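Here is the structure we will look at.
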2 protein chains.
Amino acid sequence: MHSRSPARLGRPRSTAAATAILAATREALVEVGWSKLTLGDVATRAGVAKTTLYRRWSGKNELVVDAVAELFDELELPDRGSLAADIEGVVLQFAAILDRPEARSGLMAVVAESTRDDALRERIRESIVERQKRLVVQGRSRAQKRGELPAETDPGEAARTADLIFDVVAGAVVHRTLVSAEPVDAEWVRSFAGLLLYGLAGDAPV
Amino acid sequence: MHSRSPARLGRPRSTAAATAILAATREALVEVGWSKLTLGDVATRAGVAKTTLYRRWSGKNELVVDAVAELFDELELPDRGSLAADIEGVVLQFAAILDRPEARSGLMAVVAESTRDDALRERIRESIVERQKRLVVQGRSRAQKRGELPAETDPGEAARTADLIFDVVAGAVVHRTLVSAEPVDAEWVRSFAGLLLYGLAGDAPV
DNA sequence: CCATTACGCTACGACTCGTAGCGAAAGCTC
DNA sequence: GAGCTTTCGCTACGAGTCGTAGCGTAATGG
């Protein structure tokens, strides 16, 4: 690093081009899917030269990660009054994103690629996963303030529990949507929140 | 259908070729991953002609599904005495399969492709998912006989609950392994089984 | 012996990849 | 404004893969 100023010299990169490329990527994901998506096609759709695209992204994986990551910008966790309501709300939001075809075909594909590419996995973690995990921590802390969950004593244990909850929630919604191919509707979400709160053995309030 | 006999006329297909091709597919998945896996390479590794491969599989997706499906043959559910032990056992088995690189890179990739290909999704469901789901039903019925879980009244409700459990268990393990990239070890499995049985709010026995 | 099917091999056009080279455009600093 | 720097669009390229067609041969059953 020889300087921290964002744009330094010469012609600046067109921000419009980046926007158009990412939008074109999502459009192509919807129309042709991951495996048949070609960077040449994306460039044409975006109205830029193929070389411009390669100057900014090293390949298909990185491009799709960035294109899909923008879909998760809308995730947030308004206070709905109770832990159960908060869970149901965020799950429905997450499911709504996964319902979009550009997310379905793109997200799983880059996750699959990331099993052989540590840099790609880190990029996914930063731009997609971490944003989701923050909601878990936030919702958990809120529930503790409400007295719905016991407060943490050991901070390491707290982090492990947050990771566990995150994997369970995100994993269940993704699996339901992409593998089982069944809808994440209000009824399922209610059952899921009940299971998460009271368990299989517990007696959930109706 | 003009006959039901399995082999009818002419030279029969070599069963050795099928075995070699599927093994070569897994080998290639380990070495080059999904995206750089080419059918020509697989054919060379298997010692068969590329045309032979195309005569049996319509493309990369179908081939990888069959190659990965064989990994799940080993899944079973021995009676470990309690529901918690059964859950921990099957989760560890499932995690052991997902720990193999040919499963990691192959499974998620075909799931991603299946979001745009209903026939492929059905093939995955038949040869991979259904086998896993049977274990859930089996473990659940065992736990009910033990008195660990309440018996079902409505059969439709029972099926929905089994689907829910399946999505939660499989989803959590897959997410932990592939997205979070953290190990599914004994400690995690114990925490997960506790959460599944007693919930966030419940007081799990140590 | 003959019909039928699978096999190995070669060759093919079509497509995509990622890069190089070029001149023009768009900024900044002086 | 002059001059420097970087990005842009465009064209062209060799390399690699795709999926198929065509051919002669091998392995079955009637």
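Only a predicted model underlies this, so the values are computations on that prediction, with no experimental measurement involved. Note on naming: letters A, B, ... go to the chains in the order of the sequence lines (proteins, then strands), and numbering restarts at 1 for each one.
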Can you tell me how far P of C:dT16 sits from NZ of B:Lys36, to the nearest Å?
19 Å
So, for B:Arg140 and A:Leu200, which heavy atoms are closest and what is the spacing to 0.1 Å?
NH1-CD2, 4.5 Å
Atom-to-atom span, CG of A:Leu53 to P of D:dT7 - whole angstrom
15 Å
From OH of A:Tyr54 over to C1' of C:dC17, roughly how many Å is that when rounded to an integer?
6 Å
Base of C:dC17, side chain of A:Thr38 - is there a donor-acceptor contact under 3.5 Å?
no
Can you find an N or O donor on one side and an acceptor on the other, under 3.5 Å apart, linking the side chain of B:Lys50 with the base of C:dG8?
no
Check whether any side-chain N or O of A:Thr52 sits under 4.0 Å from OP1 or OP2 of D:dG9, and answer yes or no.
yes
Could you state the atom-to-atom distance from CG of B:Leu37 to P of D:dG19 in whole Å?
12 Å
I'd like to know if the side chain of A:Thr115 reaches the main chain of A:Val111, judged simply by a donor and an acceptor atom lying under 3.5 Å from each other, with no hydrogens or angles considered.
no
Expressed in angstrom and rounded to an integer, what is the separation of A:Trp57 atom CH2 from C:dT19 atom P?
16 Å
Report yes if a donor N or O on one partner sits less than 3.5 Å from an acceptor N or O on the other, where the partners are the side chain of A:Arg11 and the base of D:dT7; otherwise report no.
yes
For B:Gly10 and for B:Val48, locate the closest nucleotide of DNA chain C by heavy-atom distance; then report the residue assigned to the nucleotide nearer the 5' terminus.
B:Gly10
D:dG9 base to A:Arg55 side chain: any donor-acceptor pair below 3.5 Å?
yes
With sequence neighbours left out, the residues meeting ring-ring contact (aromatic ring centres under 6.0 Å, His included) with A:Trp57 are none
Does a side-chain N-to-carboxylate-O contact under 4.0 Å join B:Arg123 and B:Asp66?
yes
Looking only at the side chain of A:Leu9 (C-beta and beyond, no hydrogens), which of the listed nucleotides D:dG29, D:dT5, D:dT7 gets closest?
D:dT5
Assess whether one donor atom and one acceptor atom, taken from the side chain of B:Ser14 and the base of C:dC7, lie less than 3.5 Å apart.
no
Which nucleotide sits closest to the side chain of B:Arg56: D:dT7, D:dT20, C:dC7?
C:dC7
Rounded distance (Å) that lies between atom C1' of D:dG9 and atom CD1 of A:Ile21:
12 Å
For B:Leu39 and D:dC18, give me the distance from atom CG to atom P, rounded to whole Å.
5 Å
Rounded to the nearest 0.5 Å, how far apart are CD of B:Glu152 and OG of B:Ser141?
11.0 Å
Rounded to whole Å, please give me the gap between CG in A:Asp41 and P in C:dT16.
8 Å
